[in-house]
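Take a look at the structure set out below.
Just the heavy atoms: all of them, side chains too, but no hydrogens, waters or symmetry mates, feed the values below. Chain letters run A, B, ... following the sequence lines, proteins first, then strands; residues in each count from 1. This is a predicted model, so every value here is computed, not measured.
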Amino acid sequence: MKRQGFKKQGFRSFGCFGGFARRAAFGSFGNLWVFETFETSETSETLFHETSETFETLSHETSFFMRALYCLLLTLCLANASFAQGGELRFSLHHEPKTFNPLQAEEDSSDTIVYLTGGVLMRVNRQSQALEPALASSWKISDAGRTITFVLRPNVYFSDGTPFTAEDVAYTVRQLMDPALHSPIADQFRTGSGAVQTKVLAPNRISVTFPAPIVGLDKLFDEVAIMSAHSPRKEMAVLGPFYVADHKPGAYVLLRRNPNYWKKDTAGHALPYLESIRLDIQPNRDAEALRLRRGEIHLINVLDSEYYDRLASIAPGALHDAGPGFDTEQMWFNQVPTASLPAYKLAWFRSTAFRRAISEAINRADMCRVVYNQHAQPAIGPVSPANHFWFNASLHAHPYDTQSALRRLQQEGFRQQGGKLVDREGHAVEFSLLTNAEKKSRVQMAAMIQQDLGKIGVKINLVTLDFPSLIERITQSFNYEAALLGLVNVDLDPNAQMNVWLSSGENHQWNPKQATPATAWEAEIDKLMRTQASTLDANKRKAAFDRVQQIAWEQEPFIYLVHKNALSAISESVVGAQPVVLRPQTYWNVDVLRLKSGTGGH
Amino acid sequence: MKIARRIAWVLIAVTVLMCLGAGFLAPAHYATQFREIPNAAPSRAHWLGTDALGRDLFSRTLYGTRVSLFMAPAAALLSTLLAALIGGAAGYLGGFWERVAMAVTDLILSLPWLFLLITVRALLPLDVAPMTSIAVTFILLGCLGWAASARVLCAGARSLRQAEFVLQARVSGMHGFRLFAVHVLPNLKPVLYAQFWISVPVFILSEANLGVLGLGVAEPMPSWGGLLRELESMWSPMAEAWKLAPLLLLVLVVGSLQLLISQEEVA
């Protein structure tokens, strides 16, 4: 098995809005990745040969007793190894997956299924943050970052037995870039106008050429699960470690071990070790924590601070706090011009001074203390200070200052009248704040904002909806005024945020899919994001994205609230888990996870 | 049983009085957050401690009880009226109209009402005041909860259709709505009362179910459902027993209502 390392390492990201995705984009500092090819299976093969030779030597030179003893020990070792195989890992999805099509996955549950079932050409190692070969044994970027040529691994088959060839990669890329599909992943590949060309050079070689250079092009393929061009099962034929065996809507998704999975461990055993994964659909976080406590599920990928503290007294060995994570919680106002909002409300929401004032009137420190029990810190912008390279250190948190907020509002024509804030036309400042009912911490934050803004005379009607209804409102009908949700950042690179910051992006949530930027500052952000996405110089990229953060801080289209700490829980019965900050924190190495006997393992 | 019913009456009367006097009894407004003392144990200032945001739990229980206890009967009244109109008319008219009405009733009964409620609620306007949201929640419950009662009332009206006094009224020249209003409906009164009393605890629990899902009465307005949601994260009930007060009150009130219902049914 060939493996490639890098001399340079980039950042990556993968995101979703508390369930609906801000799709990933992967970038790098360097222009061209420099590979060092080496054999990973070499060591194990050498060991195997050495062991055989040793055994032969023994057979000639030692007594029968010694040989019998050796055989016994070997048998015991093999038997012991077989105990590690099998078992059913169980954990929860918080929502029904909206799709099993890997190119259309845009929320957390679908992303989880895609990660567990999808085969990708290369995979970012969540621990080392290095890109590793997967279905592509090697690749080369050329043409100043426009073209990537893959050499595919031979003798690989989809879960239904269909052979994997370059045709499948070409088919997947065509599907991905098809505008009719509206794939959220595709946004990251669209840095220039024009068609994407695929050229099958041989059954195991293919080149893909993009109309404009893309920074960190290879890392983008971490998220592109390859689909079969010929299988009658279409997207249900997969190349990942598991395949979807059963799905009962609203109840569970059952994944079974893919017998054709290409990867083997260092000893040559077929991966994955687990026989199946049961993903119970469990929107209720309390029930999820309770089930972990009872041993009914094995892990919680993202743990709320409340449960962290509760579980700490019961199962401290199962808990992991990796410090401030990359995730943010934020609120925003609906600025979509076609939204069914009164003109005066749209005018408020489009006013920078209004947004800044609202931001200043929110006590973020209280949120961290009361809602997150100090397992969070006030957010400054889209990038967490934990992201050492990309965080703009010149920025500081917006202060909690109601007087300053009122001054800003007065300058904008607002005034207080009988304890209420009214605009210059006399409309009382009142709006609804939408959040998802299942997430108690968000409901609590919204209730705190309600009280904080009440101090400056702003009335908030808090609305909690089930997640699908909420998503429909903020992405389809735009029938809402303000929303509070989370942004999940798995990667570090700003390329991952292209579809959020580009005014044409699907997840440019305050006013998505704009034909032309509605404001000058959005136009500037567009330009800066495209610059950082097409510039290969790390410092220039950093400067461009620093400016984006500065604009986001000044304009506050998203009012960032807190960065949560990266908390997770893994049952001690799971062997091989190595929790990390990047998503999926706990099961990123699912193919080598095992269960201890008597805990679901055989 | 007589003593039990008396106790039930007293308990409901005390609860109602306390709810009416919530403005005087509550030590703090139900929405006021004492952020320095979230999840506090009972104290002189906060008799039942505080919730996760530091809000006084006693005040929230009083106001929440007021919401659930007054709105549930309103919803029960609405659903009973609908049931009387649809079920009573179907039983009275008989034939084609009865078959149609019962088919619709069966359809309503077969719908997963919780999902239906969630869907309908999601379609409603967002920018509404908490009081409006309460009214909307209970109106929805009332509008969707008439079907079971309608079947009972239909059966009652059907049996009255062939009653001698109805036949005599018909012979005397009384027909249509007048006959229904003057002779049929008054004779359905006991059934209507029973259905009303049965519906009250059903709607209290329905709101509690919605509240537990976070889809009931909007924050910061408390309701029993919302208060019960706080208990979801309670892993050691004995260590924080005071937080069970809303649950205890719900059990006592619903239990009392059930006792009174059996009395009404007997009557």
Legend entry - chain B contact via L290(A) - which portion, at a heavy-atom distance below 4.5 Å: both
Legend entry - Contact origin within A446(A) toward chain B - heavy atom pairs under 4.5 Å: neither
Inset, instruction - Please flag which part of E472(A) lies under 4.5 Å from any non-hydrogen atom of chain B: side chain, backbone, both or neither. - result: neither
Inset, instruction - Please report the C-alpha distance between M448(A) and L53(B) in whole Å, then the side-chain angles of each, then the deciding distance to 0.1 Å, and finally whether the side-chain contact (heavy atoms from CB on, under 4.5 Å) criterion is met. - result: CA-CA 8 Å; M448(A) 292 184 83; L53(B) 292 179; 3.8 Å; yes
Legend entry - Spacing of CG belonging to N363(A) relative to CZ belonging to R35(B), to within rounding of 0.5 Å: 6.0 Å
Inset, instruction - Sort P38(B) into side chain, backbone, both or neither according to what part of it lies under 4.5 angstrom from a heavy atom of chain A. - result: side chain
Inset, instruction - Can you tell which part of L341(A) gets under 4.5 Å to a heavy atom of chain B, answering side chain, backbone, both or neither? - result: neither
Legend entry - Choice from S469(A), A447(A), S340(A) maximising heavy atom contacts with chain B below 4.5 Å: A447(A)
Legend entry - Distance, nearest 0.5 Å, that separates CG of D452(A) from CD of Q33(B): 7.5 Å
Inset, instruction - Say whether, by atom type as modelled, one donor and one acceptor occur between the side chain of Q444(A) and the main chain of A52(B) under 3.5 angstrom. - result: no
Legend entry - Residue part contacting chain B, namely of D366(A), when any heavy atom lies under 4.5 Å: side chain
Inset, instruction - Output, in order, the C-alpha distance, side-chain angles, deciding distance and verdict of side-chain contact (heavy atoms from CB on, under 4.5 Å) for R369(A) and E36(B). - result: CA-CA 9 Å; R369(A) 188 173 49 78; E36(B) 297 308 312; 3.4 Å; yes
Inset, instruction - Go through the atoms of N479(A) and report whether side chain, backbone, both or neither lie under 4.5 Å from a heavy atom of chain B. - result: backbone
